[in-house]
Amino acid sequence: FTEHTGNRQFDLQLNRTFAPILDRAGMETIAATALPRMRTTTQITTLAQHLAERFESEGDTDAAWRLYELAAFYLGADDPRKHRFIDAMSAAFDEAHEGLALTRNAVPYRGGELTAMRWEAEPVHRAQAPAGTPHTLVMMNGFDGYAEEIIDFASHFPNRPFDIITFDGPGQGHTAAAGMPLEPEWEHPTDAVLDYFGVTSTAALGVSFGGYLVICHIAYLLAACLLQSPCINTCAGHIGIRQDGTPVTNGIQCRLDGIITESKLMSVFKIRAGMNDPFNNILLVRIQTHFSQLFLNNLHTSLFNILR
């Protein structure tokens with residue numbers, strides 16, 4: 001993480017966009033001279049637009065789509081440039097990934113559509129998978145990301161034997177831009193996407209707020225999940241349970257090994273997490289039995305109310 005400006009919010013967005021493209025010609029100079037001078041959202045938008053259009057004209061659509069996403073990031077929903085930049089981002093992304101087994105899909109949902117993407121595994125890699133390997137990995141996006149950004153993570157899974165599916169749920173990315181607000185019952189849009197693709201069993205990876213969204217759906221079809229999310233600490237007091245059934249007040253910062261139950265609310269094994277744990281906020285959770293729906297409703301509704 002590079003502190004370009006000293007403003008943590010600005011630096012987060014600048015790292016998010018520029019880190020993957022610093023190897024392009026001239027980008028090290030821009031990172032050293034232009035980025036430290038960013039003081040307003042208008043400056044960031046202007047720089048991102050300029051660079052996006054430059055890279056697009058040069059045929060580097062892989063850099064262009066990332067910059068168009070940043071150009072749109074700080075604009076209000078009523079700014080016509082926002083939708084123009086988002087459309088340009090999607091077009092550049094599709095061009096950059098042309099020829100791959102990656103499809104963009106519109107999943108019907110409550111009178112609207114959810115933008116979903118599926119990147120299929122190569123048959124030769126799927127055939128080499130050990131027995132029991134999930135055939136699909138669902139990647140849950142964060143609060144302010146787009147499906148393009150999260151599915152681009154698939155490039156970090158070389159020779160993967162599983163398909164990757166991601167989607168913009170209500171309140172996320174393209175779906176938010178279309179006017180569909182966030183909803184706490186995340187199992188509904190997730191079910192719609194899984195049903196659309198005919199998926200009955202899957203693993204899941206949640207990034208940032210997406211880690212919390214994975215928890216919202218974990219009672220249903222997930223065989224395993226990887227959560228990377230500071231949001232987990234927000235609700236840690238709700239889900240930390242000792243083996244004797246008493247709550248853990250400091251949440252999941254302690255290690256819990258073996259089956260943990262309380263009034264049949266949940267049964268989980270091998271949870272390791274917390275700021276003091278070597279894994280930090282990365283949780284590896286494997287479900288043995290289902291969480292109770294009542295417990296999940298209480299959990300995600302209370303957190304949703306806090307965030308709202």
### Query
By ring pair (Phe, Tyr, Trp, His ring centres under 6.0 Å), which residues pair with F55, not counting sequence neighbours?
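Ring pair (Phe, Tyr, Trp, His ring centres under 6.0 Å) check on F55 returns nothing, list empty.
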### Task
Could you list the residues that satisfy ring pair (Phe, Tyr, Trp, His ring centres under 6.0 Å) with F85, not counting sequence neighbours?
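By the ring pair (Phe, Tyr, Trp, His ring centres under 6.0 Å) rule, F85 matches no residue at all.
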### Query
Parallel, tilted or perpendicular: which describes the rings of Y146 and H174, with under 30° parallel and over 60° perpendicular?
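Ring orientation of Y146 relative to H174: perpendicular.
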Value rounded to 0.5 Å, distance of [atom1] in [X] from [atom2] in [Y]:
X	Y	atom1	atom2	result
D152	W119	CG	CH2	7.0 Å
Y196	I165	OH	CD1	10.5 Å
Q13	Q9	CD	CD	4.5 Å
M117	T166	CE	OG1	8.5 Å

Is a side-chain donor or acceptor of [X] paired with a backbone partner of [Y] at a separation under 3.5 angstrom?
X	Y	result
T133	A129	no
D163	T136	no
K82	A72	yes

Salt-bridged, [X] to [Y], with N to O below 4.0 Å?
X	Y	result
R54	E58	yes
D79	R84	no
R160	E120	no

### Any M38 side-chain heavy atom under 4.5 Å of L47 side chain
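A side-chain contact exists here, since the closest heavy-atom pair is under 4.5 Å.
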### Query
So, do L75 and H83 sit near enough that their side-chain heavy atoms are less than 4.5 Å apart?
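Answer no - side chains too far apart.
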### Row check, F10 ring normal vs R39 NZ/CZ: under 6.0 Å, within 45°
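No - R39 does not lie over the ring of F10 by the 6.0 Å and 45° rule.
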Which atom of [X] lies closest to which atom of [Y], heavy atoms considered:
X	Y	answer
A192	P108	CB-O, 4.4 Å
A71	T45	O-CG2, 3.3 Å
N141	F167	CB-O, 4.4 Å
G171	A176	C-CB, 3.4 Å

### Message
Looking at Q128, I'd like to know if its CD atom is crowded, meaning that more than 12 non-hydrogen atoms belonging to other residues, nucleotides or ligands lie closer than 6.0 Å.
### Response
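Yes - once you tally the heavy atoms of other residues, nucleotides and ligands closer than 6.0 Å, there are more than 12.
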### With F93, the side chain to side chain contact (heavy atoms under 4.5 Å, CB included) member among R66, E69, E98, R104
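Passing option: R104.
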